[in-house]
Protein chains: 2
Amino acid sequence: MGATKTDHFTEKQNEIATFAKALGHPARIAIIEYLLKTDSCICGDIVNIIPLAQPTVSQHLKELKNAGLIKGNIEGNSICYCIDDKTWKKFEKTLGSLFIKYDLQKKCC
Amino acid sequence: MGATKTDHFTEKQNEIATFAKALGHPARIAIIEYLLKTDSCICGDIVNIIPLAQPTVSQHLKELKNAGLIKGNIEGNSICYCIDDKTWKKFEKTLGSLFIKYDLQKKCC
DNA sequence: AATCATTATCGTAATATTGCAATATACAAA
DNA sequence: TTTGTATATTGCAATATTACGATAATGATT
């Protein structure tokens, strides 16, 4: 097949998977890291930082945006991409709960 | 094309992306959640929990194992899969640093 | 209006992922 | 040794991802 059977899993499981999948490429990690460490968020700057062609970077930005991890605001002639506060914190919280569960568990192997 | 250009990114970026990618499927999230919430870790139990065919589950287990997130120990006739303590904590730490950076940043949009 | 700069989309090729039936392997028990 | 049980691998089809050149679309500037 090749299509994920999302129907068989909970909404939360699909949600975490969507976020994780969005971060599942080094270029997208690099974009997120850039947005975290700089005040600039102009698309053109991101394209210059990422060692891939402009259409490819645009595509990665789109995926991050679709996952809700970033949002784009028109800034004069260009576009300013930023971490989406709400989704990012939601992701942090959901993932955090996984790690907390681990700390509490007794390991069996 | 179709092949990620890992050479162009840092080792750390590739590492985070690998972990995130491994979690980028609801079935694999379900497997991790199961391992977190139960003492059992027998492969057969996992196969019964996940609503996919046994070979498919086996493949997902393999991917989690390749990413280093889980490990398998032979337990008599079957195999016990567990969270890999070392990698899991490494992942928690690396991801955590991303979220910490966010809390400190000034948002520009 | 014409031009330039910025970003998105299209089209396409290469590769990867998802899923399962069929089969193989490995080990325990009878 | 044969049979059963548990897990992995193979092979294949459908779909998704990655990447980029070419091109379109948008908005600013002249």
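By convention in this document, chain letters (A, B, ...) are assigned in the order of the sequence lines, proteins followed by strands, and residues within each chain are numbered from 1. Quick caveat, the model's predicted, so the values are computed rather than measured.
- Rounded to whole Å, atom C1' of D:dA8 lies 13 Å from atom CG of B:N66.
- When the nucleotides C:dC20, D:dA19, D:dC20 are ranked by their closest atom to the side chain of B:T4, D:dA19 comes out on top.
- When distances are taken from the side chain of B:A53 to each of C:dA21, D:dA8, D:dA6, the shortest belongs to C:dA21.
- Ring orientation note: the planes of B:F99 and A:F91 are nearly perpendicular, at an angle over 60° on the 30°/60° scale.
- Using modelled atom types, one side-chain atom of B:N48 and one backbone atom of B:G44 make a donor-acceptor pair closer than 3.5 Å.
- Phosphate proximity of D:dC20 to B:K5: present, with a side-chain N or O under 4.0 Å from OP1 or OP2.
- Between A:H25 and A:H60, the ring planes are tilted. Angles from 30° to 60° get that label.
- Nearest-nucleotide positions on DNA chain D place B:G44 closer to the 5' end than the other of B:G44 and A:R28.
- Between the P atom of D:dT5 and the CD1 atom of B:I79 lies a distance of 18 Å, rounded to the nearest Å.
- If you take OH on B:Y81 and CG on B:L35, they are separated by 10.5 Å, rounding to the nearest 0.5 Å.
- At C:dT18, none of the side-chain N or O atoms of B:T56 fall inside 4.0 Å of OP1 or OP2 (strictly under the cut-off).
- Rounded to an integer number of Å, the gap from NZ of A:K62 to C1' of D:dA19 is 15 Å.
- Residue contacts for B:I42: at a heavy-atom cut-off of 4.0 Å it reaches the sugar-phosphate backbone alone, with no base atom in range.
- Residues B:K90 and B:E15 are paired through a salt bridge, judged by an N-O separation under 4.0 Å between the basic side chain and the carboxylate.
- Summarising the geometry, the separation between CZ on A:F9 and P on C:dT18 is reported as 11 Å, rounded to the nearest angstrom.
- D:dT7 atom C1' lies 13 Å from atom CG of B:N48, rounded to whole Å.
- Comparing C:dG19, D:dT15, D:dA19 against the side chain of A:A3 picks out D:dT15 as the nearest.
- Within 4.0 Å of B:I74, counting heavy atoms only, lies no atom of the nucleic acid at all.
- In terms of phosphate contacts, B:Y81 brings a side-chain nitrogen or oxygen within less than 4.0 Å of OP1 or OP2 of D:dA8.
- With hydrogens and angles ignored, no donor-acceptor pair closer than 3.5 Å exists between the side chain of B:Q54 and the base of D:dA6.
- In this structure, A:K21 does not reach the C:dT17 phosphate: none of its side-chain N or O atoms is under 4.0 Å from OP1 or OP2.
- Atoms OG1 and CD1, on A:T87 and A:I70 in that order, are 10.5 Å from each other to the nearest 0.5 Å.
- Spacing between atom CG of B:L52 and atom P of C:dT17 amounts to 17 Å, rounded to whole angstrom units.
- Using a 4.0 Å heavy-atom cutoff across all strands shown, A:S58 reaches at least one base atom of the nucleic acid.
- Phosphate contact (OP1/OP2 of C:dG19, side-chain N/O of B:H60, threshold under 4.0 Å): present.
- One atom, CG of B:N77, and another, P of C:dA28, lie 6 Å apart when rounded to the nearest Å.
- Distance from the side chain of B:C43 is smallest for D:dT7 among the nucleotides C:dG19, C:dA22, D:dT7.
- Straight-line distance from the CD atom of B:Q59 to the C1' atom of C:dT18: 7 Å, rounded to whole Å.
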